[in-house]
Amino acid sequence: MIELDDVSIRYGRHEVISPMSLRIESGEFFTLLGPSGCGKTTILRAIAGFVPVASGRITVDGTDVTDFPAEKRNVGMVFQNYALFPHMTVTENVAFGLRVARRSGKEISRAVDAVLEATGIKQHAGKKPAELSGGQQQRVAVARSLVMGTQVLLFDEPLSNLDAKVREDMRHEIKRLQRDMGFTAVFVTHDQEEALSMSSRLLVINAGHAEQVGTARELYESPATPFVCQFVGAANEIGRNVARVLGLGAGKRHFIRPEHVTLAAAGDADSMQATVTDVDYLGSMTRLFLEVLGEPLQCLVLSGAAVRNLNIGQDVNLNLVCERILSFNEPP
Ligand SMILES: Nc1ncnc2c1ncn2[C@@H]1O[C@H](COP(=O)(O)OP(=O)(O)O)[C@@H](O)[C@H]1O
Ligand SMILES: [Mg+2]
């Protein structure tokens, strides 16, 4: 278990992380999600012991590690390029930390053997990193931390340099490895789809502030702030004119997700008239860019007969699924 208790972090005079408290349970796949520059890497580095905190405490499994150097914290960092030694074999890479710690040869070979077996890379033990796939390299990087007895692994955007297909395979790879090995993962990404698909829980960060902690479903269906609403998934902010027609409260901000804007039959008395301004065919789904009462609104629908022949400039009728409107007590 990792606990951050009122932790703030400064670079010089600049406070990049405002005081935040957070509790990550053992065995969780916990993700820090937020736009570039919001402070995700800084938080990871503070947990790892590479950056000092300005205030607050960090505990790992009940031990206050706030003043511990990185090597005493028992947390491992998995970097984007995996930082494997290219001239060493898999076995040598995994054994490296134990050699530096001056363990006996017998102990090293027993521990390395066990972790290579457990992480499923034993058959590649004699290969160099360049002879391995990305997924196998990832496993070596994880094995290298686990062999040291580390139960907490920190991942800083390990997938962000990969192309879409490999990336998706690697998500499953990391998830499976984490599930099989049972370590606690703290994963950083700015990619909301990656975050939603991988995590047991997530923290959304905005400019150094904790916005909301929750499961993917909680964040998506019940966002606590307009920022979370717009950063986790897509959301239309409902314009003044549409809000007035729907009788939505003034002085608040109202949002609706594109999949909750639906096309209606031509004669539907409750529907609103809209004009198609653009059509994005996405394969299984089609995104419609619409204009309603002079205000933009996006609609996401299955690519069926209803949208097959829609053209720019054409009029359609639409409904907003009112019970799915997300409202926030904040003046627009
Ligand atoms: N070593 C540093 N010195 C000063 N400012 C830094 C340093 N590292 C990061 N920052 C600043 O701290 C903020 C958070 O950075 P970072 O944690 O890297 O964000 P993220 O990982 O979410 O992209 C940014 O404004 C960044 O410019
Ligand atoms: Mg970063």
Side-chain angles (χ1 to χ4, degrees), residues 2-22 24 28-58 60 65-71 73 75-84 134 137-138 141-142 145 152-164 166-167 170-171 174 178 184-199 201-214 216 219 223-233:
I2 305 165
E3 272 183 291
L4 272 62
D5 183 17
D6 251 341
V7 166
S8 70
I9 303 168
R10 292 171 177 277
Y11 287 120
R13 281 217 214 121
H14 188 50
E15 184 176 83
V16 283
I17 301 297
S18 314
M20 68 169 70
S21 297
L22 186 62
I24 301 170
E28 254 199 297
F29 199 112
F30 192 92
T31 296
L32 308 177
L33 171 66
S36 181
C38 73
K40 304 179 295 296
T41 295
T42 301
I43 296 171
L44 268 203
R45 290 173 64 82
I47 295 172
F50 300 131
V51 168
V53 301
S55 68
R57 314 299 301 167
I58 298 176
V60 176
V65 300
T66 316
D67 302 316
F68 283 22
E71 65 274 14
R73 294 197 180 197
V75 300
M77 193 105 169
V78 179
F79 295 97
Q80 202 173 73
N81 48 10
Y82 314 129
L84 301 176
Q137 289 182 38
Q138 177 92 52
V142 168
S145 280
V152 177
L153 290 190
L154 312 177
F155 295 84
D156 194 357
E157 310 222 22
L159 309 182
S160 61
N161 283 346
L162 305 172
D163 55 38
V166 181
R167 203 175 162 135
M170 291 290 290
R171 285 183 197 166
I174 295 179
Q178 188 264 344
T184 307
V186 186
F187 189 90
V188 159
T189 181
H190 63 273
D191 180 325
Q192 48 111 353
E193 188 184 299
E194 191 168 290
L196 292 181
S197 68
M198 295 184 78
S199 322
R201 289 189 308 144
L202 314 89
L203 166 67
V204 179
I205 306 167
N206 176 21
H209 292 269
E211 289 267 329
Q212 189 176 2
V213 180
L219 296 181
T225 64
F227 180 85
V228 175
C229 180
Q230 288 174 292
F231 194 75
V232 178

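The residues of the chain are indexed from 1 along the displayed sequence. Atoms within each ligand, like the ligands themselves, are counted from 1 in listed order.
For the pair Asp6 and Ser21, the minimum side-chain heavy-atom distance is below 4.5 Å. The shortest side-chain heavy-atom distance between Arg167 and Asp191 falls under the 4.5 Å cut-off. Put simply, the side chain of Pro223 does not reach to within 4.5 Å of the side chain of Val232, judged on heavy atoms. Side-chain contact between Phe68 and Ile58: absent, with no pair of heavy atoms (C-beta onward) separated by less than 4.5 Å. Between Arg171 and Glu193 there is a side-chain heavy-atom pair separated by less than 4.5 Å.
In this pair, Phe155 and Phe29 present their aromatic rings parallel. The plane angle is below 30°, not in the 30 to 60° band.
Protein residues having at least one heavy atom under 4.0 Å from any atom of ligand 1 are Tyr11, Val16, Pro35, Ser36, Gly37, Cys38, Gly39, Lys40, Thr41, Thr42, listed by chain and number.
Between Leu219 and the choices Gln192, Gln212, Glu211, Arg201, the side chain to side chain contact (heavy atoms under 4.5 Å, CB included) rule is met once, by Gln212. The residue from Ile47, Thr41, Val78 that alone fulfils the side chain to side chain contact (heavy atoms under 4.5 Å, CB included) condition with Leu154 is Ile47.
In this structure, the side chain of Lys40 does not engage the main chain of His190 through any donor-acceptor pair within 3.5 Å.
Near the Mg ion (ligand 2), less than 2.8 Å away, sit the protein N, O or S atoms Thr41 OG1.
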